[in-house]
Amino acid sequence: MLTFIASLLLAATVEGAAAPVPRITVAEAQALQEKGDAILVDVRGSVPYELGRIAGAVWMPLGLINQRAGELPEDKTIITYCSCRSEETSLEAGAALQKLGFKRVAALTGGYPEWKKAGYPTEATQPLEAAPVSASGGRLAPPAAVSCNRNNLTVYGGEVTRYRRLRGRTEVTIKTDSDTVETVTVKSPEETSYLIMATPFAKGDWTRIERKKGELRPKMRVHAWVCTDGSPILDWRPGEASGPAR
């Protein structure tokens with residue numbers, strides 16, 4: 001613990017170039033969390049977060065750090081974690097927080113796997129089902145077409161409230177089942193970025209989602225699979241009823 005505190009003090013006093021983000025062991029992190037002196041921040045995508053996370057952790061994926069950093073306290077140590085082999089994502093998130101003015105930032109060595117291996121408290125929302133589910137079911141399994149790293153994957157499921165099919169791109173705004181509003185942009189051609197009920201999208205499927213060109217059918221639902229290292233994929237769900245908040 002003394003070594004970690006010294007690293008924090010050094011990082012806070014380096015002037016000029018940005019100081020490297022110090023690493024913290026799971027034992028040190030757990031001790032700080034237990035004392036109420038630290039906030040653990042899960043910077044992975046929503047899929048791994050809901051499958052398993054550090055108990056009490058705040059979910060703030062890397063892509064939302066700049067938007068949501070104001071939700072974090074500045075009088076506690078902010079410990080970012082991921083499931084990466086060398087803490088790449090948590091170190092990047094920590095560096096972003098430093099640029100935003102946070103002085104006490106660290107990356108968890110070994111991330112979530114090391115925390116779980118040590119037997120410290122974890123929690124989960126719902127396990128993945130064998131296949132994507134309807135409104136009556138639980139968590140969604142990524143379709144085979146979604147091939148990006150699951151640590152960088154987030155899914156927004158809900159009803160489309162705005163739909164714009166423009167030249168070169170399609171924009172959809174989703175009122176999600178988690179009571180948030182998300183906007184996703186997909187580049188054309190649409191058929192390569194669309195699915196329908198988790199199966200490949202064909203030209204004949206346009207009539208299943210649009211009542212006329214550029215106008216979506218009412219109450220249309222979608223699962224938007226968004227990955228930081230690839231283009232979003234929209235899985236259209238015609239006829240699916242609204243689901244419970246997840």
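Counting from 1, the numbers follow the sequence of the chain as shown.
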Item to check | Backbone of G158 reached by a side-chain donor or acceptor of K175 within 3.5 Å | outcome: no
Checklist outcome for this item: For A93 and V43 the tightest heavy-atom approach is CB-CG1, 3.6 Å
Checklist entry - Between R104 and D37, is there a salt bridge with N-O shorter than 4.0 Å? => result no
Item to check | Single-linkage hydrophobic cluster, 4.5 Å side-chain cutoff, V58 and Y49 together | outcome: no
Next on the checklist: Would you compute the distance between atom OH of Y81 and atom CG of L40 and round it to the nearest 0.5 angstrom?
Outcome noted: 7.0 Å
Next on the checklist: Could you go through K117 and V26, starting from their C-alpha distance and side-chain angles, then the distance that decides it, and tell me whether this counts as side chain to side chain contact (heavy atoms under 4.5 Å, CB included)?
Outcome noted: CA-CA 10 Å; K117 180 181 176 182; V26 293; over 6 Å; no
Next on the checklist: side chain to side chain contact (heavy atoms under 4.5 Å, CB included) for C82 and E88? Distances and angles first, verdict last.
Outcome noted: CA-CA 8 Å; C82 57; E88 300 94 340; 5.6 Å; no
Checklist outcome for this item: For I174 and A224, the nearest pair of non-hydrogen atoms, with its separation, is CD1-CB, 3.7 Å
Item to check | Test side-chain contact (heavy atoms from CB on, under 4.5 Å) applied to I209 and V222, L234, L216, the passing residue | outcome: L216
Item to check | OG1 on T199 to CG on D205, rounded to 0.5 Å | outcome: 6.5 Å
Checklist entry - Just wondering, more than 12 heavy atoms not from E114 lying within 6.0 Å of its CD? => result yes
Checklist outcome for this item: On a heavy-atom basis, the closest approach of R208 and R217 is O-CD, 3.4 Å
Checklist entry - Got a donor-acceptor contact below 3.5 angstrom from the W115 side chain to the G110 backbone? => result no
Checklist entry - Side-chain heavy atoms under 4.5 angstrom apart, residues restricted to Ile, Leu, Val, Met, Phe, Trp, Tyr: same cluster for V41 and L64? => result no
Checklist entry - Which value, rounded to the nearest 0.5 Å, describes the distance between E159 atom CD and D177 atom CG? => result 9.5 Å
Item to check | Check against side chain to side chain contact (heavy atoms under 4.5 Å, CB included), Y194 and T170 | outcome: CA-CA 11 Å; Y194 282 4; T170 300; 3.3 Å; yes
Item to check | Side chain S83, main chain Y112, donor-acceptor under 3.5 Å | outcome: no
Checklist entry - V226 versus Y156: any side-chain heavy-atom pair under 4.5 Å? => result yes
Next on the checklist: Could you check whether any side-chain N or O of R53 sits under 3.5 Å from a backbone N or O of P48, counting only pairs where one atom can act as donor and the other as acceptor?
Outcome noted: no
Checklist entry - Are the side chain of Q98 and the backbone N or O of K103 linked by a donor-acceptor pair below 3.5 Å? => result no
Item to check | NZ/K116: more than 12 non-hydrogen atoms of other groups inside 6.0 Å | outcome: no
Next on the checklist: Donor-acceptor pair, distance only, cut-off 3.5 Å: does the side chain of R44 make one with the backbone of C84?
Outcome noted: no
Checklist entry - Can you hop from V181 to V172 via hydrophobic side chains spaced under 4.5 Å? => result no
Item to check | Heavy-atom side-chain proximity of L97 to L72 below 4.5 angstrom | outcome: yes
Next on the checklist: Give me the atom names and distance for the closest heavy-atom approach of A29 to I79.
Outcome noted: CB-CD1, 3.8 Å
Item to check | T161 OG1 to M220 CE distance, which is reported to the nearest 0.5 Å | outcome: 13.5 Å
Item to check | Y163 and E210 side chains, donor-acceptor separation under 3.5 Å | outcome: yes
Next on the checklist: As an exercise, state the distance from CD of E28 to CZ of R23, rounded to the nearest 0.5 Å.
Outcome noted: 13.0 Å
Checklist entry - Does the side chain of T77 reach to within under 4.5 Å of the side chain of I24, using non-hydrogen atoms? => result no
Item to check | Interatomic spacing from CD1 in I65 to CZ in F102 - rounded to 0.5 Å | outcome: 9.0 Å
Item to check | In one Ile/Leu/Val/Met/Phe/Trp/Tyr side-chain cluster, 4.5 Å: V105, W59 | outcome: no
Item to check | Close side-chain approach of P238 to I196, heavy-atom, < 4.5 Å | outcome: yes
Checklist outcome for this item: Closest heavy-atom pair, S90 versus A107, reported as atoms and distance to 0.1 Å, is OG-CB, 3.8 Å
Checklist entry - Between A69 and L100, what is the shortest heavy-atom contact and its length? => result CB-CD1, 3.5 Å
Next on the checklist: Any salt bridge linking R162 with E171? Criterion: basic side-chain nitrogen under 4.0 Å from a carboxylate oxygen.
Outcome noted: yes
Checklist entry - Distance-only, no hydrogens or angles: does the E74 side chain make a donor-acceptor pair with backbone N or O of G101 under 3.5 Å? => result no
Checklist entry - Do R68 and P61 have side chains that get closer than 4.5 Å, going by heavy atoms? => result yes
